[in-house]
Each structure stands twice: as structure tokens, then as C-alpha cells.
Novice: 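The structure follows.
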Amino acid sequence: MAGHSPELREALFELLLRLGDDCLILGHRVSEWCGHAPMLEEDLALPNMGLDLIGQARSLYTYAGEVEGNGRTEDDLAYLRNDRQYRNLLLVERPNGDFAHTMLRQLYFAAFMEPYWRATCGSKDETLAGIAGKAVKEMAYHIRHAGQWVIRMGDGTQGSARRMKDAVEELGHYVDEMFGTDAVTDALAAAGIAPDPAALRPDWDRTIEMVFSEANLKQPQIAYPQRGGRDGLHGEDLGHLLAELQYMQRTYPGLNW
Amino acid sequence: MAGHSPELREALFELLLRLGDDCLILGHRVSEWCGHAPMLEEDLALPNMGLDLIGQARSLYTYAGEVEGNGRTEDDLAYLRNDRQYRNLLLVERPNGDFAHTMLRQLYFAAFMEPYWRATCGSKDETLAGIAGKAVKEMAYHIRHAGQWVIRMGDGTQGSARRMKDAVEELGHYVDEMFGTDAVTDALAAAGIAPDPAALRPDWDRTIEMVFSEANLKQPQIAYPQRGGRDGLHGEDLGHLLAELQYMQRTYPGLNW
Amino acid sequence: EAFLEAFQKRIDAEEKIEPNDPMPGGYRKTLVRQIGQHAHSEIVGMLPEGNWITRAPTLRRKAALLAKVQDEGGHGLYLYAAAETLGVSREQMTEELLSGKAKYSSIFNYPTPSWADIGTIGWLVDGAAIMNQIPLCRCSYGPYARAMIRVCKEESFHQRQGYEIVMTLAKGSPEQKQMAQDSLDRWWWPALMMFGPSDKDSAHSEQSMAWKIKRFTNDELRQQFIDATVPQAEFLGLKVPDPDCRWNKETGHYDHGEIDWDEFWRVVKGGGRMNRDRIADRKKAWDDGAWVREAALAHAEKRRDRMEAARVAAE
Amino acid sequence: EAFLEAFQKRIDAEEKIEPNDPMPGGYRKTLVRQIGQHAHSEIVGMLPEGNWITRAPTLRRKAALLAKVQDEGGHGLYLYAAAETLGVSREQMTEELLSGKAKYSSIFNYPTPSWADIGTIGWLVDGAAIMNQIPLCRCSYGPYARAMIRVCKEESFHQRQGYEIVMTLAKGSPEQKQMAQDSLDRWWWPALMMFGPSDKDSAHSEQSMAWKIKRFTNDELRQQFIDATVPQAEFLGLKVPDPDCRWNKETGHYDHGEIDWDEFWRVVKGGGRMNRDRIADRKKAWDDGAWVREAALAHAEKRRDRMEAARVAAE
């Protein structure tokens, strides 16, 4: 981070929040399955993925706090911002739905983040490169695990295939937002700190295509892709999630736990 | 309240909290149906019952604040106590379940509160008698409305009869707690302020028997009735309910809304 | 021909058309579409506000919100009843809503992420609804006109209540004021869109005006709304998010900037933030409730059979 | 006769019994019951702690809790695998759990209303579990003993973590300290009951001791637990909710008050606070997951068929 200009620091802070929020919210969603998964193996796998994501969120928030330089901790950033200040993708805040929705959401996100982190391993920002080095392996595992389930359910029974198709139809609306660019991503891409999200689309398409061809699924045409998460414009579910997530810190402010 | 001894005031405060918590929590539960009821008529009837209960809660809390004499408002009492400080019956905090559960829960509670308020109309405490005078009519309506639904579902289709039976089996565990007595109820009964809950059992049984005979339902034998709500020993659902209920007040303390 | 002329004469004489009166097919169809759409809007409109019932910040606000959402259900009920006088059943209309065939007001396809939105919806959305609906109280179709009289009375209560919520926030802490401004920023343009496309692009307007189903054009009503609302925002110390919005001494109205009609059509066509969630919610309520409705029917039949049997036995 | 004697000799010689070894029906049955019960306890045990995953007060605690609950699932997995070596399938065991035929540790029928309970469960419940389980690492049945070694290692990590949570609260604000004390008040007696009925009322003990499935009596283990835990509570400045609990110089142990065995049996027989909710939760997960398990099976079959077809075609 040393040597970044003030503008670049600001962009970097914003990026770290976005990525941190993505990881925390998806990690939270995945953790909601805990003890309620369809089989014991998934009662292990889902918290495992949740842990990867919450671990990434912690690193990202901690670094965000350093970059910002106002002394905010990982917990300040996670627990003391409201709905409108959260920067996560709409995809990750979508309710769990059934297991088909949950696994497809995981695949979509991981298929984006795996190449994202892979590119970030060469970041000019060493701290971010360090976070990426660990995260890229985790995301590769998420792709494998979720991808296998998408294949099993897509090419399973008639009922499971129908559910997979519903999930594809539903979550398709939230795909494009991942690849969105703006002044923040442009500045960081130009500075060699973080990849241009738009450039990762071919990678993502390849991964999804590979899984979908085995799963008998097709990517839908989406007339009106949804965006807004990066600007803090969320759906109605996020507020309820935050009411749970933040309850203790809001009720007992400023204590050690 | 003028003229009550300090011990009696303390008992009265405790009673008002208990009743207020019952009304607020059940009102909250019922309000969760809003916009999701099985038919439009119930999208009106459920909020209507919720409104009755929340209205009663407000009167009870306001009076509780006066009796306590520490300046606490209805909102202080509703929004700034935690799970362990809530005094409601376990019955009212049970999740909505299906429509059969919701209507049976409503019937059970109203069939208790209707004679409770009826007896309280003659309370030596005028404020409480005033609250009772309004509430008794509302509870009579809840008995009618919920009772009709219990009959329709119990004597409807095979599927609805099975669901009604499940509800009877499940909620039966929470019936006895309504009639529980302790030092608080004894003191207030002796002083002519509030009825002895145990004495209302025959009334309750009569109401339920009347409904159940038309609904083809039987009261189950319950080996181990559940209690604890009056001592702040709640199930795990209440904490989640409070996280929602209290989120705004916890997040933005001390503001006007 | 002669019938159409006679019908138009009745209309012109401000006579009310009643359910059993003869009426042109197009008149009936227009009314069914409009009343149905209006009823659906009330029903779907319960959802964005219902989102805050469990989190309302005080008990007073919680009760008021619950009562408001209940009123909306009530409006839905009158309106379905008015549509039923034209021979279309509630089930049929519900199925058209759930299949996406029937529309509802696009405003309800925006989410309510903040408590301030509850105030803003009352203030702007109910405010705009009233502008639209007051002329409908004189609509040529009797049952619709009478339903609207009742609806309008309640809506203006909601509108004042909403304004009062926003005022409390605007006069509150900096974060409350910020909440109110943010909410106004999000709802202003969608509220203006509630009056429908510009007159030059409005498909159904002319015939509806002739039939006195409609009495003002979309743009006229929109201008009325802006003229009424901008001073209210100023009084609250809030800023309407339109840099071109200013008083025009010559016209005696507020000017306003260009409305983003692409956004309008996107939402109408199902591409809004909440379109799919709203329909999914209603569909779930409807599907989950099927067994309850079936039970009620089955029970009613059993009762009828038993009463019939008792009657026969008594004879 | 001779077989039983030979078997007992192997046991007495501390030889491990392995899955394919001959074993008496009663030995097998006892083990299946005990391992199954133990596995179910891990699975059901995910629920009371899982209740706080979405509300953990810091990210560090959230991650640790998630990891802990995941470990419990892992223990369930090893234990089901150990039971499977005795010829009983996981499906069968799951059905016995859901039907209420198989038991699980009654401690999980108490609710977790407060965050402090997450600490207390680690400290007391995992602490008691370890006391019970350390001797099982030397259990005569090999697969069970080996599973327990792994389980015990993780449990002691959880126990330390739980103690650390309680310590943070006990050293925290007055309301945090109060939370910790309240939690200890609620969990102390149920934790003591985890060791099972008093030796004089324990049905399965003697034979289990002879078979070296068990190595200490319930009361011995309970006393060990009390002796280890009371000083920890004192160190935290918390009070064990037993007025009769005090150090006895003569016995070299802590005395303790009478355990409420009615409460114990009530919970064992299904009358605890959370029995029905726990089973309902597991049943819902199992039922809702049926289609997923079916899909996985169907897909595996399709794959096998395709590979078979490819093999045939290649020949």
C-alpha cells in the first residue's frame, strides 16, 4: 500500500469493502445451512466454504481498515455499516432457496473469483497479492464442489433437473453485475493493483460452459440484468440478514467478545 | 394504582410486563403473515388481530412504566429488554408454522384471555379494569374468528384435518403454562386486582371443547407440559424475533421516530 | 351504432353506468383491465411496506403501519368486488396477476431498504395515487366510483401519516435526515412515473377520457403532483433530485427534467429490481394457502349437506 | 460358552476387537447403541450452537463457531463410520434418530438463548464430553477407540475455546458478566447429568465395564468433572449454582448437592425444552434433502451406465 496516491488509496479502500462484503454476505448465507444440509457430508462442506469466505472477508476488512487509516477494525466494518453502506453484489445476498440455488450461486461466484484472485496474485499491492494467493485455492475448491453438485442435480432426476433450471433462470439476473466496471475498477486495473472484472468474463463463461454441458443446462438470455449492489442499492433481504448479523454489536456497543 | 403497597406495585408491574409481552410477541407473530395469508380476507383479519394485540401491549406497557415510576416508556419496555427479561408465555413465541398452527395458537390464547379480561373488568385497579374493558371484546372476536377456522380446517379435507391434528399435538405442550400461578398472581388475586389464572381453566376448557367437538379434534394428553416463559426461560426462536423487532432502536438509540 | 351513441349520451350527461346496464365491450374491457390493475396494485403494495412491520422503530409506528397495510388489503377487496360486477372472478384476476398477464403499479417493484421508505411511500406514492384517484371518484362506472370514494378517504390519511414520518426524520438526527433524503432520491422519479407515459405516448387515454373513466391526462396529473409536492419537500428541508426542477413564473407551474422512460418501460416489462420477488411472494402465499382454501370449501359443502339432510329429515 | 470365555480373555488382555472378529451379540448391540447415540449427539449438537452462527458478536467468533460446528459434523461422520463397521447403515441410524427410537445426549435439549451459552457449552458440555470420552480412546472395540482419539483432540480444543469465551465475558462489562453467570446457572446441572444416572441406577454399566467399553462409573466421571470445573469457575469469579458445593478435605473432592433426577428422566423421555424442536429440525433437513440425495444417486447410476456402455463399446 505504501506509495499509492490518495486517489488510489481511496479506490483501493472501496474495492476492499466490495470484496469483503461479497465474502462476508455469501459466507453468512452459506452458514445459514449449518445443521440443515441434505446430508452430513454437506453439513461439513457448507461450513467449510463459509469459513473460507469469512476468512477472506476478515483479511480484506482488516486491510481496508489500514488503507483507510481511521483505525476501523474488521468488526467495525462488518457490524457498524448499514444496508445502504454495504457494497456486495446482489448475487451473494440472494436467499439460499433450495440446494440447487445455493450451489449454483456458489458456482457463479467462485467461477468469477477464482480467475479474479489468480490475476490478483500478481498485484502490485503486496498485501492484496498475499490475500489472493490463499483465496485462489479456496475458490478453485468451491468451483469443484459446487460444480459437481450442479452436474449431479442437473443430470439427476427429473425433479432435480427442474429445480436446477429454475435456479439458472433466477440467478441469471445477477451474473452481469460481477463484471461491471467503474472509476474504481478502472483506476485499480490501470495501476496494476486489481484485475479489470470485465476481462474475466471469458474465463467465467468457460467454467460455466464446462459444468453446464455435463449438467444439461443452458445459460438463459437475460433481458434486464440486475445491478445496484456496488452502489449500496440492495434488495429487501439484506436488511433482515444484517439485523441478525449485527444484533449483538448494535445491542452492546463497544465491548470485547 | 394509587394506594397499592410497594409489594403490590411490584407484583402489578411484573404482571403488566407479562401481559404486555404476551400481547406484543403474539401480535408480532401474527403480523408476520401480512401479505402472505391464504386469502385476501385473512390478509385483513390477521393484521386486525395483530393490531388488537399491539394496542393492548401499548396500554399495558405504558401503565407498567407508570407503576414502576422510573420513567420508562412503552418503547423502552418493548425495545430495550433482552430475551431473558421477556416474560411472555412460550405459546405466543412459537413460530407461525402453517395456518392451522397460527389459528390454533390464536384460539388457545384468546380462549384464555377473554375470561381473564372479563374478570379483570371488575379489578380494584381502575386503569387495568379500563384496559380489560376494551380488550375483552377484542378477545371474543379472536375466539370467534380463530375458532371458526379451527372448525373449518378440522372438519375440512383429509389434509387439513391432519394439519389441525399436528397443531393440536404440538401446541398442547404450551397450554398449562397459561394457568400457572406464583407469588405474583397470588398477591394480585388476593388484592382483587387480577384474576387467579388457575381459576380460568374451566372456562378455557369449555371454549376449546365447544370448538373441538365441531372440529373433530380431541385434546391430547400431555406428559410433560412446558413452562419457563414467565421466568424469562424461552426457546431459541424468541431471540431471532427480538433481533428483528429491536433492530432500529438498538442501532439508533435514543432518537424520535 | 345507435347503442354506442345512446351510451355516450348517458356518459356525457354524467349518468352513472351500473352493473346490469348494457355497455360496449370496449368499455367493459377497459374497466376490467384498469380496476384489476388497481386491485393488484393494492395487493402487491402490501409487500414493500410489509417488509418493515417486524422492524418498525416504535410501537406506535408499528401499529400504524400494520393498519395501513391492512387498509390496502381492504382496498384490494373493494376493487376486486367492483371488478366482479363486470363478470370477472377474483380467482381469474389472481391467476392473471401470478402469470404476469395482468399488471400492477410499477412503483411496487422498487425495494424498501430503509425505514424512511415507509414515510416516503406514504408521502409520494399515496400522494400520487390520490392525484390519480380523486377524479376516479367521478368515474362513469358506478361501483368503481363508489369504491374510489372510500379508498381516497383512507389514502389521504395514509399520505398525511407518511409525510409526518418523513418530517420526523427530516427534523431528527443527521443520520435520520440523511435517511429521508436518500429515500426521496430513490422514490422521486419512480413516483413521477406512476402517472404513466407522456400524453403523446399513452395508448389508452383518448377513449378513456371520452368514456369518463379518465378525466385528466397523465401529464396534467403529473404536473399537479409536482406542484403540490415540491413545496412540501422544501418545507422539510429536503431536495428533490432533479436539477431542472424550479418554479416557472410564466406557466405558474414547476418545471421538471426529462423522465427516464427507458427505466419506466424496463420496469413495466418485468426488469425492475423487485418484479420477480413480488410475484414469487404472492405466488408462494397463494400456493401455500391452497389447502386452506380447499378446506374452507370442503367444510362449507359438508355443512350445507348436513343442513340439507336435517331439513329433509324435518319435513 | 467357550466363545464367550475366549472373547473375555481377549478383552482382559487389552486386545482390540476389530470389525471382522467374532463378537457376542450383546457386545455388538451395546456398541451399536452407544456409538449411534454418540453420533446422533454430535449431529443434534450442531443445532444449539448453530443457533448463534448468524449472530456471533465478532467475525473471529463467528469463524471459530462455524469451525466448531463443522468439527461436530465431522465427529458424527467418523462415528457413523465406526458404527457401520458393526453392520448398521447411516440411513438406518438416521431413521432411528428421527423416529425417536435412538437417543442422543439430553444436554442438547436445552436451548441457547444467549451468546454466553456458546462459551458455556464449550467449557462445560465439551468438558464433560471429554471426561466421558478419554477412557473411550482405550475402548476394546478398535474402530470406536480410534475415532475417539481424533474426537478427543478436537474436543479439548473446543473446550479451551469455550472457556476463553466465558473468560472474556467474566472479565467484561457487568452485563457480560451477568450473561456468563446466568448461563452457568442454566447449564451446570444439565452438565452434571451428562454422566448419566447414579451408579446405583445405571442399567448398562456393569457389563460394559467387563467388556471394557466403559472404564469408569458414571459417578466417578462426574466427580472428576466437578473437581476439574469448580476451580475454573472460581478463577473466573463465577458461582456454581449449588449451595452444597464445597471442598471436602477428607475425601479430597468437591461435595455436591442432590441432582434432580426427575428432571433428568423427564428430558430423556422427551419432555425437555427443545426435544421436539431438535427432532423437527433434523427431520425437516432430512425430508427437504431427500430430493438432493435421490438426484445424487440417480446421477451416479447414469454415470455408471454410461461408463459401462463406453466399456462395452470399446471391447
Novice: Give the interface residues of residues 250-257 of chain A toward chain D, defined by a heavy-atom separation under 4.5 Å.
Specialist: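 Counting heavy atoms that sit under 4.5 Å from chain D, the residues of residues 250-257 of chain A involved are A:Y252, A:L255, A:N256, A:W257.
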Novice: Can you tell which of D:I43, D:L77, D:D287 has the highest number of heavy-atom pairs within less than 4.5 Å of chain A?
Specialist: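 Sorted descending by pairs with chain A, the first entry is D:L77.
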Novice: For A:L44 and D:G73, which heavy atoms make the closest approach, and how far apart are they?
Specialist: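 It is CD2-C, 3.3 Å.
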Novice: Please name the pair of heavy atoms, one in D:R293 and one in A:P38, separated by the smallest distance, quoted to 0.1 Å.
Specialist: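 Where D:R293 meets A:P38 most closely, the heavy atoms are NH1-O, 2.9 Å.
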Novice: What residue, out of A:Q158, A:H28, A:M39, has the most heavy-atom pairs lying under 4.5 Å from chain D?
Specialist: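 Maximum pair count with chain D is reached by A:H28.
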Novice: Which bit of A:I151 is near chain D, if near means a heavy-atom gap under 4.5 Å: side chain, backbone, both or neither?
Specialist: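 Looking at A:I151, backbone and side chain both touch chain D.
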Novice: So what's closer than 4.5 Å to chain D heavy atoms on A:I54: side chain, backbone, both or neither?
Specialist: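 Side chain only.
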Novice: For A:A100, is it the side chain, the backbone, both or neither that has a heavy atom under 4.5 Å from a heavy atom of chain D?
Specialist: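 Its backbone and side chain both get close to chain D.
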Novice: Side chain, backbone, both or neither: which part of A:W33 has a heavy atom under 4.5 Å from chain D?
Specialist: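 No part of A:W33 comes within 4.5 Å of chain D.
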Novice: Heavy-atom pairs under 4.5 Å with chain A: which of D:K302, D:M46, D:E301, D:R303 has the most?
Specialist: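 Counting heavy-atom pairs under 4.5 Å, the top option is D:K302.
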Novice: Chain A heavy atoms under 4.5 Å from D:V69: which part of the residue, side chain, backbone, both or neither?
Specialist: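 Answer is side chain: those atoms of D:V69 sit under 4.5 Å from chain A.
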Novice: Please classify the contact between A:Y79 and chain D as side chain, backbone, both or neither, with a heavy-atom cut-off of under 4.5 Å.
Specialist: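 It is the side chain, since no backbone atom gets that close.
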Novice: What I'd like to find out is whether the side chain of D:H299 reaches to under 4.5 Å of the side chain of A:E214, using heavy atoms alone.
Specialist: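 No, their side chains stay 4.5 Å or more apart.
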Novice: Please look at D:L297 and chain A and tell me whether the side chain, the backbone, both or neither of the residue comes under 4.5 angstrom of a heavy atom of that chain.
Specialist: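 Neither the backbone nor the side chain of D:L297 comes within 4.5 Å of chain A.
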Novice: Mind ranking A:M248, A:M153, A:R58 by heavy-atom pairs under 4.5 Å with chain D and telling me who comes out on top?
Specialist: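 Of A:M248, A:M153, A:R58, A:R58 has the most heavy-atom pairs under 4.5 Å with chain D.
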Novice: Taking all non-hydrogen atoms of both residues, which atom of A:G35 and which atom of D:A285 are closest, and how far apart?
Specialist: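 The pair with the smallest heavy-atom distance is O-CB, 4.2 Å.
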Novice: Which one, A:Q246, A:E74, A:Q249, leads in non-hydrogen pairs under 4.5 Å with chain D?
Specialist: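 Maximum pair count with chain D is reached by A:E74.
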Novice: Of the backbone (N, CA, C, O) and the side chain (C-beta and beyond), which part of D:E164 lies under 4.5 Å from a heavy atom of chain A, both, or neither?
Specialist: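 Contact with chain A involves no heavy atom of D:E164 at all.
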Novice: Rounded to the nearest 0.5 Å, what's the gap from CZ on A:R163 to CH2 on D:W291? Could you check?
Specialist: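 It comes to 5.0 Å.
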Novice: On a heavy-atom basis, which atom in A:S31 and which in D:L66 lie closest, and how many Å separate them?
Specialist: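 Reported closest heavy-atom pair: CB-CD1, 3.7 Å.
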Novice: In terms of heavy-atom pairs under 4.5 Å, which option from A:D43, A:L40, A:D98, A:L24 contacts chain D the most?
Specialist: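 Most heavy-atom pairs under 4.5 Å with chain D: A:L40.
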Novice: If you check every heavy atom in residues 47-65 of chain D against those of chain A, which residues fall under 4.5 Å?
Specialist: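 D:L47, D:W52, D:I53, D:T54, D:R55, D:A56, D:P57, D:T58, D:L59, D:R60, D:R61, D:K62, D:A63 fall under the 4.5 Å cut-off.
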Novice: Checking heavy atoms, do the side chain of A:A37, its backbone, both or neither come under 4.5 Å from chain D?
Specialist: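 Contact with chain D is through the backbone of A:A37 alone.
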Novice: Which atoms of A:E244 are under 4.5 Å from chain D, going by heavy atoms: the side chain, the backbone, both sets, or neither?
Specialist: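 Contact with chain D is through both the backbone and side chain of A:E244.
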Novice: So which of D:K284, D:K171, D:R306 has the largest heavy-atom pair count under 4.5 angstrom toward chain A?
Specialist: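 Of the options given, most contacts go to D:R306.
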Novice: What part of D:L169 is in contact with chain A, defined as an atom under 4.5 angstrom from a non-hydrogen atom: side chain, backbone, both or neither?
Specialist: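 Interface part for D:L169: side chain.
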Novice: For D:M167, is it the side chain, the backbone, both, or neither that has a heavy atom closer than 4.5 Å to a heavy atom of chain A?
Specialist: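 Contact with chain A is absent: no heavy atom of D:M167 under 4.5 Å.
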